[in-house]
Amino acid sequence: MSYQTAKQLPIPPHFHPRKVGEVWRVPYQERAAEAKNWANRHGIPPASSDKTRICLLAIDVQNTFCIPEFELFVAGSTGTGAVGDSVRLCEFIYRNLGAITAIAATMDTHTAAQIFHPLFWINGAGDHPAPATVITPEDVLSGVWKVNPDVAGSIALNAADLEKHAPHYVKKLSAGGKYPLTIWPYHSMLGGIGHALVSAVEEAMFFHNIARHSPTLFEMKGSHPLTENYSVLRPEVLEGHDGRPIAQKNTRFIEKLLEFDAVIVAGQAKSHCVAWTVEDLLAEIRAIDHNLAKKIYLMEDCTSPVVIPGVIDFTEQADAAYERFAGAGMHIVKSADPIDTWPDIR
């Protein structure tokens, strides 16, 4: 067992769990000095010396999903789901600074004129759909909802092609067994505060950067106007109505993740972006070597499903997905358990 998997560390005194549900500025220079001293005090070596290379994949730990009152706060079954998840995620990072070789943070990244936002669609009266509207293939074919021709120019597509893309897209979602097209409120808007990482999580990642000389790997997703991107590894639909590619798998990032000896997954939401990312990663693993599934660890107490009381509850689907992943060889773990007690850590 190498050093980095054998030793848990105390949590630095600057971390305050009660602040995790708030937005604030990280004092970078102050934290940098503290992280350097912390590494010296606890004998934490640079990540480049790790024999067991561990990546923490933090999926969409952004204000828009993790801070109450923001656009798509993931409340889970407790009503405070993502806040508690972020507390445990921060504590995991601090306790395991010497074990985590790299942190990869995915960033859901959007603009207004995208296929899942209200501006993209209109009805016969010219009104946009309200958030949470589900658009089915029948809705498009019958004209209940049609694409907004005024957005065509902004996404470098002519109105005729845009109109053909709509029925093609919703049919592809249905045929692929994906969630139906849901209109989401404007969220994770590029340049906005909702797009940013949760302040406490960003601080923990920055502290890791300095202590281990290992900059965070940021991976943007979701900016293509003509397709959704729940998974960071591939968009929901890859080709347009004419068969031409509109997007592609994130092969570079897939290869990067699989270079690590272990990949630990946390983030939001368990039922959507986390589940689809892990699903796509499992598909890639099965195409290469089924045994690679053993290097994936899902921290079940650092993620929550989408739950809107009285409207929709994805808990059952999220739990079923995790059972499926475990059945394929992935490990379901708790953040407070020492990494060296996890199975298959070399």
Side-chain angles (χ1 to χ4, degrees), residues 4-5 7-42 44-47 50 54-68 70 74 80-108 193-219 260 262-268 274 297-304 333-339:
Q4 77 264 19
T5 57
K7 181 179 179 182
Q8 280 199 322
L9 299 169
I11 295 174
H14 69 258
F15 177 67
H16 299 291
R18 69 179 184 277
K19 292 179 60 181
V20 173
E22 303 171 1
V23 177
W24 37 271
R25 182 187 67 84
V26 175
Y28 298 114
Q29 289 302 126
E30 182 179 344
R31 291 292 173 267
E34 292 171 355
K36 182 177 180 181
N37 292 335
W38 195 257
N40 290 335
R41 176 180 172 184
H42 293 283
I44 303 171
D50 288 353
I54 298 174
C55 176
L56 170 62
L57 176 59
I59 297 174
D60 299 0
V61 190
Q62 298 163 265
N63 292 329
T64 201
F65 303 112
C66 300
I67 301 295
F70 271 67
V74 180
T80 58
V83 174
D85 296 334
S86 294
V87 170
R88 289 182 286 274
L89 178 59
C90 289
E91 291 173 344
F92 175 80
I93 293 171
Y94 289 127
R95 286 197 191 101
N96 297 283
L97 277 177
I100 301 167
T101 306
I103 299 175
T106 74
M107 304 286 288
D108 207 34
I193 196 169
H195 182 257
L197 290 173
V198 171
S199 299
V201 175
E202 183 201 1
E203 182 177 53
M205 290 181 180
F206 179 76
F207 199 83
H208 174 269
N209 288 181
I210 303 301
R212 304 231 61 205
H213 302 265
S214 178
T216 300
L217 309 171
F218 288 99
E219 198 69 26
F260 288 93
V263 177
I264 303 167
V265 182
Q268 305 304 333
V274 173
Y297 297 81
L298 310 178
M299 288 203 299
E300 64 177 346
D301 59 341
C302 292
T303 184
S304 294
V333 296
K334 298 281 190 181
S335 62
D337 293 339
I339 290 179

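- No side-chain donor-acceptor contact under 3.5 Å links Ser199 to the backbone of Val23.
- A distance of 10.5 Å separates SG of Cys90 from CD of Glu202, quoted to the nearest 0.5 Å.
- Rounded to the nearest 0.5 angstrom, Thr303 OG1 and Arg88 CZ are separated by 10.5 Å.
- Of all heavy-atom pairs spanning Ala336 and Gln8, the tightest one is O-NE2, 3.9 Å.
- Every residue meeting the side-chain hydrogen bond (donor to acceptor under 3.5 Å, both in side chains) condition with Thr64, not counting sequence neighbours, appears here in chain and number order: Glu71.
- The shortest heavy-atom contact between Thr216 and Ala105 is CG2-CB, 4.0 Å.
- Residues that satisfy the side-chain hydrogen bond (donor to acceptor under 3.5 Å, both in side chains) test with Asn63, not counting sequence neighbours, are absent from this structure.
- Side-chain contact between Leu56 and Met299: present, with at least one pair of heavy atoms (C-beta onward) separated by less than 4.5 Å.
- Residues passing the side chain to side chain contact (heavy atoms under 4.5 Å, CB included) test with Ala33: none are found, sequence neighbours excluded.
- Considering only residues two or more places apart in sequence or on other chains, Arg31 meets the salt bridge (Lys or Arg N to Asp or Glu O under 4.0 Å) condition with Glu34, Glu203.
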For residues 9-20, run the donor-acceptor check on the side chains, cut-off 3.5 Å, and write out each pair with its distance to 0.1 Å, sequence neighbours left out.
from: His14; atom 1: NE2; to: Tyr94; atom 2: OH; distance (Å): 2.9

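- Scanning for ring-ring contact (aromatic ring centres under 6.0 Å, His included) contacts around Phe218 gives an empty result, with sequence neighbours left out.
- Contact annotation: the side chain of Ile100 approaches that of Phe92 to within less than 4.5 Å [non-hydrogen atoms, C-beta and beyond].
- With values rounded to the nearest 0.5 angstrom, Asn96 atom CG is found 7.0 Å from Ile264 atom CD1.
- Residues Tyr297 and Ala262 approach most closely at CE1-CB, 3.8 Å, considering heavy atoms.
- For Ser335, the side-chain hydrogen bond (donor to acceptor under 3.5 Å, both in side chains) test picks out Asp301, with sequence neighbours left out.
- Contacts of Glu300 classified as salt bridge (Lys or Arg N to Asp or Glu O under 4.0 Å), with partners at least two apart in sequence or in another chain: Lys334.
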**OP:** Go through Phe207 and Ile93 one step at a time and tell me if the side chain to side chain contact (heavy atoms under 4.5 Å, CB included) criterion holds.
**Re:** CA-CA 9 Å; Phe207 199 83; Ile93 293 171; over 6 Å; no
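- Between Met107 and Asp60 the shortest side-chain heavy-atom distance does not fall below 4.5 Å.
- Minimum heavy-atom separation, Ile54 to Phe260: C-CD2, 3.9 Å.
- With sequence neighbours excluded, the residues satisfying side chain to side chain contact (heavy atoms under 4.5 Å, CB included) with Ala47 are Asp50, Thr101, Arg212, Ser214.
- With rounding to the nearest 0.5 angstrom, the CG atom of Leu97 is 6.5 Å from the NE2 atom of His208.
- Rounded to the nearest 0.5 angstrom, Leu217 CG and Leu57 CG are separated by 10.0 Å.
- In terms of the side-chain hydrogen bond (donor to acceptor under 3.5 Å, both in side chains) criterion, residue partners of Gln268 (sequence neighbours excluded) are, by chain and number, Asp85.
- Partners of Val61 by side chain to side chain contact (heavy atoms under 4.5 Å, CB included), not counting sequence neighbours, listed by chain and number: Ala58, Cys66, Ser86, Leu89, Val198, Val201.
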